[in-house]
Amino acid sequence: MLDSQRIKMACATHYCIGKHILVYDEIDSTNTEAFRLGALPEGSVLIADFQTQGKGRAGKRWQAEKGKNILMSVVLRPRTHGANLGLLSLLAAEAVAETVEHLTQLPTEIKYPNDVVVLHKKIAGVLVEARSNSTQTHTVVLGIGLNVNQTVFDEALPATSLKLLTAQDFDRTETLTALLRRLDEQYHVFQQGKTAEMLHAWKARCTMIGKVVVFRHEGRVRTGKAIDVDEVGFLWIESEGERVRYAQTEISDVRY
C-alpha cells in the first residue's frame with residue numbers, strides 16, 4: 001500500500017500538487033471519483049492500488065495489476081482560456097517522461113499527445129478530463145498510469161515497466177513523490193504562462209514531428225505529415241497539399 005503520510009511530507013513544500021492525498025485500495029476509477037467528490041482542493045491527488053474501470057484515451061481501458069503500479073488522478077483548477085487546456089496533457093507527459101528517464105537512465109519518448117514510451121514500448125499514459133464553468137474557470141482531472149513493478153502484459157500491447165527496464169524493484173511511494181514534484185513544477189510554470197520551455201522539451205521527445213502519420217478522425221483513417229504542435233498543443237498535419245489543425249480530442253490512434 002502506498003504511504004500517504006510519506007507522500008504528504010514530501011509534498012509539503014510544493015506550490016500546489018500533493019498537499020491533499022486520498023489513497024484507495026480499490027476503486028472503479030480515480031478520475032471518476034475525483035469528479036464524484038466535486039469540491040476537492042486544487043492539487044488533490046487520488047491514488048489507487050487497483051482500478052476496476054481504469055480509463056484510457058478514446059474510451060479505451062487502462063489495465064494494471066493490483067499493487068504494482070501508479071494509478072492516480074490530480075485535480076487542477078486553472079484559470080485560463082479553454083484552448084490552453086490541451087497543454088496540461090503535454091506538461092503531464094513531459095513530467096512523467098522526465099521522471100522515467102531519471103529513474104531508468106534511458107532515453108524516453110513521447111507519442112502524441114501523451115503516451116510515454118521507452119525502447120518502443122509504452123510505460124505510461126495520461127488522460128485529461130475537463131469541465132468548465134466559464135471560458136476562464138475549469139475543473140481538470142489529470143489521470144496518470146505509470147507501469148512500475150508489473151512484469152507481465154498483454155502480448156497484443158507493447159508495454160514495459162520500470163522493473164523490466166532496470167531489473168530492480170521500485171518503492172512506489174518514492175516513485176510517486178518524484179513524479180509529483182515534477183508535475184508540481186510544470187504546473188507552476190503553466191500557471192505563470194511560461195510554457196515555451198516546457199513545450200520545447202516536449203517536442204524534443206516527440207519524434208513524430210516531420211514524419212508521415214496515420215490517424216483516426218471522425219471515424220475515418222487518414223494519413224498525412226505531422227508538421228508541428230503549436231503553442232496550445234494542437235497538431236498540424238499536412239495532407240494532399242493542405243495543412244489542418246487538430247485538437248487532441250479530435251484524433252486518436254496516431255501511428256508513425
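Judged purely by atom type and a 3.5 angstrom limit, Thr177 uses its side chain to pair as donor or acceptor with the backbone of Thr173. Under a 3.5 Å cut-off, the side chain of Thr108 and the backbone N or O of Leu106 do form a donor-acceptor pair. Listed for the Arg172 side chain is a donor-acceptor partner under 3.5 Å among the backbone atoms of Gly67. Remark: the backbone N or O of Thr104 is not paired with any side-chain donor or acceptor of Thr166 at under 3.5 angstrom. Side chain of Lys111 to main chain of Val254: a donor-acceptor pair is present (N/O by atom type, distance under 3.5 Å, no hydrogens or angles). Side chain of Asn149 to main chain of Lys163: no donor-acceptor pair is present (N/O by atom type, distance under 3.5 Å, no hydrogens or angles). The main-chain N or O of Ile17 is found under 3.5 Å from a side-chain atom of Asp184 such that the two form a donor-acceptor pair. Without hydrogens or angle criteria, Lys19 side chain to Cys11 main chain gives no donor-acceptor distance under 3.5 Å. Looking only at distances, a side-chain donor or acceptor of Glu250 sits under 3.5 Å from a matching main-chain atom of Ala247. Without hydrogens or angle criteria, Thr195 side chain to Phe190 main chain gives no donor-acceptor distance under 3.5 Å.
Rounding to the nearest 0.5 Å places CG of Leu146 at 7.5 Å from OG1 of Thr175. To the nearest 0.5 Å, atoms CG (Asp3) and CD1 (Ile21) are separated by 11.0 Å. Note that CZ of Arg181 and CG of Leu179 are 9.5 Å apart. Values are rounded to the nearest 0.5 Å. In this structure, Ile144 CD1 and Leu176 CG are separated by 9.0 Å, a value rounded to the nearest 0.5 Å. Rounding to the nearest 0.5 Å places OH of Tyr246 at 14.0 Å from CG of Asp230. Atom CG of Asn114 sits about 11.0 Å away from atom CG of Leu88, to the nearest 0.5 Å.
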Practice item. Show your working on side-chain contact (heavy atoms from CB on, under 4.5 Å) between Val100 and Val118 and close with a plain yes or no. Key: CA-CA 9 Å; Val100 170; Val118 183; 3.8 Å; yes
Check your understanding: Taking it one step at a time, do Ile251 and Tyr112 satisfy side-chain contact (heavy atoms from CB on, under 4.5 Å)?
Key -> CA-CA 10 Å; Ile251 62 174; Tyr112 183 85; 3.8 Å; yes
**Study point:** Trace of the side-chain contact (heavy atoms from CB on, under 4.5 Å) decision for Thr160 with Leu119
**Key:** CA-CA 9 Å; Thr160 190; Leu119 302 178; over 6 Å; no
**Study point:** Working for salt bridge (Lys or Arg N to Asp or Glu O under 4.0 Å), residues Asp228 and Arg243
**Key:** CA-CA 10 Å; Asp228 195 13; Arg243 293 190 176 192; over 6 Å; no
Practice item. List the steps, then state whether side-chain contact (heavy atoms from CB on, under 4.5 Å) holds for Glu33 with Ser73. Key: CA-CA 9 Å; Glu33 177 72 355; Ser73 298; over 6 Å; no
**Study point:** Step-by-step salt bridge (Lys or Arg N to Asp or Glu O under 4.0 Å) determination, Asp49 to Lys66
**Key:** CA-CA 6 Å; Asp49 266 356; Lys66 185 171 185 176; over 6 Å; no
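Considering all non-hydrogen atoms of both residues, Cys16 and Glu42 come closest at SG-CG, 3.7 Å. Contact between Gly125 and Asp115 at its shortest, heavy atoms only, is CA-OD1, 4.0 Å. The heavy-atom pair separating Ser239 from Gly224 by the smallest distance is CB-CA, 4.2 Å. Across all their heavy atoms, Ser44 and His20 have their closest contact at OG-CD2, 3.2 Å. When every heavy atom of Ala34 is checked against every heavy atom of Val141, the shortest pair comes out as CB-CG2, 3.8 Å. Of all non-hydrogen atoms in Gln186 and Glu98, the two that sit nearest each other are NE2-OE2, 3.5 Å.
A cation-pi arrangement is found for Arg131 relative to Phe35, the charged atom lying closer than 6.0 Å to the ring centre and inside a 45° cone about the ring normal. In this structure, Arg245 forms a cation-pi arrangement with Phe234, its terminal cationic atom sitting closer than 6.0 Å to the ring centre and no more than 45° off the ring axis.
In Arg220, the CZ atom is not crowded: 12 or fewer heavy atoms of neighbouring residues, nucleotides or ligands sit closer than 6.0 Å. A 6.0 Å sphere centred on CD of Glu197 holds no more than 12 heavy atoms belonging to other residues, nucleotides or ligands. The number of heavy-atom neighbours closer than 6.0 Å to NZ of Lys121, taken from other residues, nucleotides and ligands shown, is 12 or below. The local environment of CD in Gln192 is crowded, with over 12 non-hydrogen atoms from other residues, nucleotides or ligands closer than 6.0 Å. Counting non-hydrogen atoms of neighbouring residues, nucleotides and ligands closer than 6.0 angstrom, the NZ atom of Lys225 reaches no more than 12 such neighbours.
Side chain to side chain, Thr207 and Glu109 meet the donor-acceptor criterion of an N or O pair below 3.5 Å. Between the side chains of Thr30 and Gln51, at least one donor-acceptor pair of N or O atoms lies under 3.5 Å. In summary, the side chains of Ser89 and Gln248 do present a donor paired with an acceptor at a separation below 3.5 Å, with no hydrogens or angles considered.
Under the 4.5 Å side-chain heavy-atom criterion for grouping Ile, Leu, Val, Met, Phe, Trp and Tyr, Val189 is not connected to Val74 through any hydrophobic cluster. Criterion: ILVMFWY side-chain heavy atoms under 4.5 Å apart, direct or through other members. Under it, Val117 and Ile70 are not part of a common hydrophobic cluster. Taking hydrophobic clusters as Ile, Leu, Val, Met, Phe, Trp and Tyr residues chained together by side-chain heavy-atom distances below 4.5 Å, Val214 does not share a cluster with Val212.
A 4.5 Å side-chain heavy-atom check between Trp236 and Val229 finds every atom pair outside the cut-off. No side-chain heavy atom of Leu235 sits less than 4.5 Å from a side-chain heavy atom of Val244. Residues Leu87 and Leu90 have side chains in contact (heavy-atom distance under 4.5 Å, counting atoms from C-beta outward). Annotation: side chain of Trp202 is not in contact with side chain of Leu91 (no heavy-atom distance under 4.5 Å). Between Glu94 and Ile110, some side-chain heavy-atom pair lies under the 4.5 Å cut-off. Using a 4.5 Å cut-off on side-chain heavy atoms (C-beta onward), His120 and Pro158 make no contact. Using a 4.5 Å cut-off on side-chain heavy atoms (C-beta onward), Leu46 and Leu40 make contact. Inter-residue side-chain proximity for Leu180 and Met72 is flagged as met; some heavy-atom pair is nearer than 4.5 Å.
A ring-centre distance under 6.0 Å is not found for Tyr24 and Phe50.
Taking the six-membered ring where tryptophan is involved, the planes of Phe215 and His217 are tilted, since the angle between them lies from 30° to 60°.
By the 4.0 Å N-to-carboxylate-O rule, Arg6 lies close enough to Glu174 to be salt-bridged with it. Using a 4.0 Å cut-off between charged side-chain N and carboxylate O, Arg36 and Asp28 make a salt bridge. A salt bridge does not link Arg182 with Glu185: none of the charged nitrogens is closer than 4.0 Å to a carboxylate oxygen.
No option in Val140, Thr249, Val232, Val128 other than Val140 meets the side-chain contact (heavy atoms from CB on, under 4.5 Å) test with Leu85. Considering Asn31, Thr139, Thr32 as possible partners of Glu129, the one that fulfils the side chain to side chain donor-acceptor pair (under 3.5 Å) test is Asn31.
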